Amino acid sequence: MVRLKVREVAEARGFNMSSLSRAADVNFRTIKSIFRNPYKEVNISTLAKIARALGVATSDLIEDIPEGEGSSEGPEG
């Protein structure tokens, strides 16, 4: 499972959702969705735009999470 660290990195660099949306040229609703759901599937080109705006490598925005950890929904969901 992959978890996005966009919110953490953005906030550490002084970005909120609006400023990141403008800097990355990514729709605000997409940024809002990523901030609220770090397990959201995102197009790699969108993630690259966000990384560029934040001044980090795309890989810095991705974290591998072992299955069963992180998500509040378990297999019994």
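Residue numbers count from 1 along this sequence. Because the structure is a prediction, the values reported are computed rather than measured.
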Exercise. Kindly say whether Val26 contributes a backbone atom to a donor-acceptor pair with the side chain of Ser21 at under 3.5 angstrom?
Key: yes
So if you build clusters from Ile, Leu, Val, Met, Phe, Trp, Tyr with side-chain heavy-atom gaps below 4.5 Å, do [X] and [Y] land together?
| X | Y | result |
| --- | --- | --- |
| Val56 | Val2 | yes |
| Ile44 | Tyr39 | no |
| Ile65 | Phe35 | no |

Exercise. Among Val42, Ile62, Leu20, Ile31, find the residue that satisfies the side-chain contact (heavy atoms from CB on, under 4.5 Å) test when tested with Val6.
Key: Leu20
Practice problem: Check the pair Leu54 / Leu61 against side chain to side chain contact (heavy atoms under 4.5 Å, CB included), numbers first and verdict last. | Solution: CA-CA 10 Å; Leu54 293 173; Leu61 300 179; 4.0 Å; yes
Nearest non-hydrogen partners of [X] and [Y], listed with the distance:
| X | Y | result |
| --- | --- | --- |
| Val9 | Asp60 | CG2-O, 4.1 Å |
| Ser19 | Asn16 | N-OD1, 2.8 Å |
| Ser33 | Lys40 | OG-CD, 3.0 Å |

If you round to the nearest 0.5 Å, how far is [atom2] of [Y] from [atom1] of [X]?
| X | Y | atom1 | atom2 | answer |
| --- | --- | --- | --- | --- |
| Met17 | Arg7 | CE | CZ | 7.0 Å |
| Met1 | Glu67 | CE | CD | 4.5 Å |
| Asp25 | Ile50 | CG | CD1 | 11.0 Å |

Practice problem: Could you please spell out the steps behind the salt bridge (charged side-chain N to carboxylate O under 4.0 Å, His left out) verdict for Arg3 and Glu8? | Solution: CA-CA 11 Å; Arg3 179 182 172 280; Glu8 295 94 321; 2.2 Å; yes
Self-check item: side chain to side chain contact (heavy atoms under 4.5 Å, CB included) between Asn37 and Leu4, worked out
Solution: CA-CA 8 Å; Asn37 178 12; Leu4 300 176; over 6 Å; no
Self-check item: More than 12 heavy atoms from other groups under 6.0 Å of NZ on Lys32
Solution: no
